[in-house]
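Below: the structure, in structure tokens.
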Amino acid sequence: MKTYENTGSKDTRSGFGAGLTELGQTNENVVALCADLIGSLKMDDFKANHPERFFQAGIAEANMIGMAAGLTIGGKIPFTGTFANFSTGRVYDQIRQSVAYSGKNVKICASHAGLTLGEDGATHQILEDIGLMKMLPGMTVINTCDYNQTKAATIAIADYNGPVYLRFGRPKVPNFTPADQKFEIGKALNLTEGGDVTIVATGHLVWEALEAAKTLNEQGISAEVIDIHTIKPLDAKAIINSVAKTKCIVTAEEHNHLGGLGESVARVLAQHSPTPQEFVATNDTFGESGTPAQLMEKYGLNANAIVNACLKVLKRK
Amino acid sequence: MKTYENTGSKDTRSGFGAGLTELGQTNENVVALCADLIGSLKMDDFKANHPERFFQAGIAEANMIGMAAGLTIGGKIPFTGTFANFSTGRVYDQIRQSVAYSGKNVKICASHAGLTLGEDGATHQILEDIGLMKMLPGMTVINTCDYNQTKAATIAIADYNGPVYLRFGRPKVPNFTPADQKFEIGKALNLTEGGDVTIVATGHLVWEALEAAKTLNEQGISAEVIDIHTIKPLDAKAIINSVAKTKCIVTAEEHNHLGGLGESVARVLAQHSPTPQEFVATNDTFGESGTPAQLMEKYGLNANAIVNACLKVLKRK
Amino acid sequence: MNGFIILIRCLKKLILTLNNLIHNLMATTKQLQELTTQVRRDIIRMVHKVSSGHPGGSLGCAEYLVTLYQDVMDRKDGFDMDGLGEDIFFLSNGHISPVFYSVLARSGYFPVEELSTFRLLNSRLQGHPTTHEGLPGIRMASGSLGQGLSVAIGAAQAKKINGCGHTVFALMGDGELQEGQNWEAIMYAAANNVDNLIAAVDLNGQQIDGSTDTVLSLGSVKAKFEAFGWDVIEVEKGNDIESIKTGLKDAKAKAGNKKPIVILLKTVMGNGIDFMMHTHKWHGKAPNDEQLAEGLRQNPETLGDY
Amino acid sequence: MNGFIILIRCLKKLILTLNNLIHNLMATTKQLQELTTQVRRDIIRMVHKVSSGHPGGSLGCAEYLVTLYQDVMDRKDGFDMDGLGEDIFFLSNGHISPVFYSVLARSGYFPVEELSTFRLLNSRLQGHPTTHEGLPGIRMASGSLGQGLSVAIGAAQAKKINGCGHTVFALMGDGELQEGQNWEAIMYAAANNVDNLIAAVDLNGQQIDGSTDTVLSLGSVKAKFEAFGWDVIEVEKGNDIESIKTGLKDAKAKAGNKKPIVILLKTVMGNGIDFMMHTHKWHGKAPNDEQLAEGLRQNPETLGDY
Ligand SMILES: Cc1ncc(C[n+]2csc(CCOP(=O)(O)OP(=O)(O)O)c2C)c(N)n1
Ligand SMILES: Cc1ncc(C[n+]2csc(CCOP(=O)(O)OP(=O)(O)O)c2C)c(N)n1
Ligand SMILES: [Mg+2]
Ligand SMILES: [Mg+2]
């Protein structure tokens, strides 16, 4: 089984920050907006280097999204930054009309997604943002798994013309994808080959899926781990091909099991090849305060939970 | 095959209005709020009869939701009324924190849902609201199919303690459910018995499903039509029982195929009994101006589309 | 048949060129008045045909949009999304699309005949303005209220970064000011010296459920904008072209002075058709056949119906 | 073991009763000051323990919340969600939960020892206040900014319908005023004579990324509220208990006069711990061990640590 090495844990938001810093130097059309969370979003460098291309929106996310849409008129490529909750649910109608329906080239970049933001608790822990953004026609939805991938994705989305939602997180997590990768929007990555069960994971749960695959391997079960960094457009082919082989699937996401990646996969399979599926996701509940690790454990979002889901789904083949 | 008679087409929003009028007389704790759309929501009567229990919020939906949450503190049962888009996407974060997470007894009543609001076009035609609301923990999501059912649901939700999203529409559609029905939240209604294919429909598409079942019946195909007025909590048992018999399913909703009823059903079945499924829904696209009938035809949301989906899914058994 | 189509195309081109010519010549008030009368006809014919749409606010803003597009804005030929090197306009209260479409068509952005497709299936003239169908002249979708000013501010800032000295115009409804997003935008623009922006509020005192005073009183809009640090210009006669010209001239003179500018335009909802005037009842109701006839009688054809 | 639990329960009950007693006696300024010092200790001990949370705004609002709960609000014994027959309070800027929790505990809503569970897994003392875990004293969740004033208005209207003559209090941050929803609420309250509401703004001039002036200038908050039709009371010394008392007395005197009332409370972020004062840097940062020790040194124990 192919294994991956953690080259040093880092937060994915810092990958975003690094990508944005690079874009500042390489693409003069890139502008950035932030709603009073510069440090949390790691936008300090961009702001310091390009004050004329940086817009502090204050605590007014709706206006920020509208301004970003306006900035595209005149050829700018705006990157907005705030927490995932305030990037999506707070401004859904603004994104819907001024960005998605208007077809504007805005990159909505969202940190502190999911439970792993930790102690701030449920008001900040959005577990619905993937679903919110995937329902918007024309929106690309990306949830990266580590620092390197987040940096690469940040750079890649600037070259893509259209609205993008880029989701990343707060805690330090293993960094294991190549530093020199080219990020291809919409292309699922097969991380391990396996014939018994498919694990489709996104974001922080990709590493957990790899850990789970190791454990399963020790038990003689070979798992195919797919890093589905792009939830929309979904790489249906990669999923269908894998389950053609394995005949069962586990999806893993830091998100409500309602409306997210898991349901997208269930839809695709129901239409093409109905397949037993288990959902590693939160069980339609709000989060709470705690450390990231405690929360992942309590809400069933870690390698252990993935192993159990795999064992369960294997029995249902 | 059991058939249903249209006792005279009416708009579902008028069913809401009638229900609210009745509640005004029977439940003094019921209060109503509206965001500058009293006539469209048919709230005129309630306002006229109970001016002291009616709150005109103006064009400020976020504040309206917050006020509704506040009114529950003091024992009121607030019904908010505006278009479906402004009832959900516009105020998602407000509903999330001040209503759902705070567990407040607010009834969010939304008219002009889906394509059938017609000429106003895409900015008003939300096709994501079921998905938006179903992702909120603790939220009950109801999409009624005709005047009588909407009226009954309006009255029923006042007796249920907890946040509810009630979705209805603008155009006149057949009124065929009993005038004296008791509405049971969460209970799917088997409208026809059938052994070949299950059709699970919600809202305006229930009547279309019945029309489709007639056509299929003429072709010797027996369809089981389920009126799934409550999308959350979903009556999974009713669905699982039906497909145990029919082995295939079509879901029908005036909603994007992403995130809505169809995906909820696909999730449930993927977890219990993977089943071929076809989705009658919009195909991840914005709507446009046109008459309701034109739009239902163009976007594949009528009896014809349901028949075709059934024929397709039957081949996949 | 093919020849006929080509002929029509040529005629459309000709109309476009003529319209551009009209716009390029400094318009006299009489010309603007004539155009306004024609725009009124367009508006009520459009909404009448489909029995839907919003005539009230449209009629009230006819003089303003005519004056803006025909006399004030420095516009390029043709249309591109970026609008560099020209003044650009955003309509936030998208429901008054009829007046917007008529003024755009009659300013040469698309064939006037296309007005007949308003709100029909497959039309570029959607119920509310949109970029989604590629209609020239539209740079953002509106319809869900309260979003346009933010977009206009963003566009104004893009102009600054691009070193484009032109101005961004925006129009909002007065009821629309109840939306909080506007106050976020209003606060932002003042704090950031967005002084290449001239916003206007259609102060007709009406919204859907009644007068703004009965629905949710706005109090003094002037005092509010001033407290938020804007330069306020009041146009008491918002349906009088000379007054509008003066107001817009004032506004242009104030631009570039670190403060955002707003024109409070006191208009009459339904202006120009007596039975539609001064009442919220015509906010979103189409005239029937007789009402249409009467409205047209009160506004005789000046530049030719579509 | 069981007896021990019962003993603890009894002691907790006793503490509750004593705390209620404290609250029922008219508090002297000295008593309030002592409580404030203890609250400060609670705040920094809470955030220090979990290395997260928001001490800056919490410290700045300590005197206000202490005065409100201990001297001004007419509160019933115990807690119910409806709050009929008593004054109630909403915290909109939920991130200053430490001061809220401390004041609630020390006002008898729940055992003071529970403060030690702040932000821990399974605690009722979530990072931001919530009704979700059933903590007495909390009537709505906050944390996502900008929503509290609307909720307070709704509650105030429920009081009116219910014929409850008591008052609703609300507190917001100044940076929070950048959220448009507040201005919707502010406009609504004035238009609808919500005069049983006393809002307060923590005017500390700071938010996360810097001073409010550098982030997004609020201009004159007083002028804005006045332009929106509110009665404005300024408390220049927002960390001085006597000034707060006077401000709140003024406010109560103005209630019932058809206008909503706001207190502009000029506070110092991080007040009472010298190295935390006057800077946004302590908005959301926890002190390390030495900083905690120094903070505690500056605020000696008065009523007993939890
Ligand atoms: C966010 C949002 N809420 C509600 C509506 C429904 N709506 C359309 S127009 C309108 C009234 C607008 O009033 P105003 O801005 O004064 O325009 P006028 O009626 O004067 O044309 C309302 C409530 C909407 N389009 N968008
Ligand atoms: C809607 C929303 N946007 C952003 C945040 C992140 N946030 C938390 S506190 C804060 C600053 C608040 O400033 P202020 O109200 O002045 O409070 P202070 O810093 O003075 O305590 C921000 C931006 C949030 N909690 N909610
Ligand atoms: Mg108006
Ligand atoms: Mg502050």
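Residue numbers begin at 1 in each chain, while the letters A, B, ... track the order of the sequences.
Contact check for A:R267 versus B:L258: side-chain heavy atoms found under the 4.5 Å cut-off.
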Open item on the list: Quick one, A:Y92 with B:Y92, criterion ring-ring contact (aromatic ring centres under 6.0 Å, His included). Give me CA distance, side-chain angles, the key distance, then yes/no.
Closed with: CA-CA 7 Å; A:Y92 184 84; B:Y92 184 83; 7.4 Å; no

TODO: Please step through salt bridge (charged side-chain N to carboxylate O under 4.0 Å, His left out) for the pair B:D284 and A:K232, ending with a clear verdict.
DONE: CA-CA 11 Å; B:D284 198 21; A:K232 181 178 176 185; 2.9 Å; yes

- [ ] In sequence, state the C-alpha distance, the side-chain angles, and the governing distance for B:K134 and A:E128, and then conclude on salt bridge (charged side-chain N to carboxylate O under 4.0 Å, His left out).
- [x] CA-CA 10 Å; B:K134 88 175 193 194; A:E128 311 103 67; over 6 Å; no

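Taken to the nearest 0.5 Å, the NE2 atom of B:H257 stands 7.0 Å off from the CD atom of A:Q271. Here A:D93 contributes atom CG and B:T88 contributes atom OG1; the two are 8.0 Å apart, rounded to the nearest 0.5 Å.
Near-neighbour residues of residues 308-317 of chain B relative to chain A, defined by a heavy atom under 4.5 Å from a heavy atom of that chain, comprise B:R316.
Annotation for B:K245: atom NZ counts as buried by contact number, over 12 foreign heavy atoms lying within 6.0 Å.
Note on B:S273, B:G138, B:A62, B:G259: by heavy-atom pairs under 4.5 Å with chain A, the leading option is B:G259. Among A:L269, A:L132, A:N85, A:I95, the residue making the largest number of heavy-atom pairs under 4.5 Å with chain B is A:L132. Counting heavy-atom pairs closer than 4.5 Å to chain B, the top residue among A:R96, A:R90, A:Q277 is A:R96.
If you measure heavy-atom distances from B:Q97 to chain A, the contacts under 4.5 Å come from the side chain alone. For A:T275, the part lying under 4.5 angstrom from a heavy atom of chain B is the backbone only. Of the atoms belonging to B:L136, heavy atoms from both backbone and side chain fall under 4.5 Å from chain A. Contacts of A:A100 with chain B are made by both backbone and side-chain atoms, with heavy-atom separations under 4.5 Å. For A:H255, the part lying near chain B is the side chain, with the backbone staying farther off; criterion is any non-hydrogen pair under 4.5 Å. Contacts of B:T123 with chain A are made by both backbone and side-chain atoms, with heavy-atom separations under 4.5 Å.
Taking each heavy atom of B:P274 and A:P276 in turn, the nearest pair found is CG-N, 3.4 Å.
Panel note: side chain B:N256, backbone A:M135; a donor-acceptor pair is recorded below 3.5 Å.
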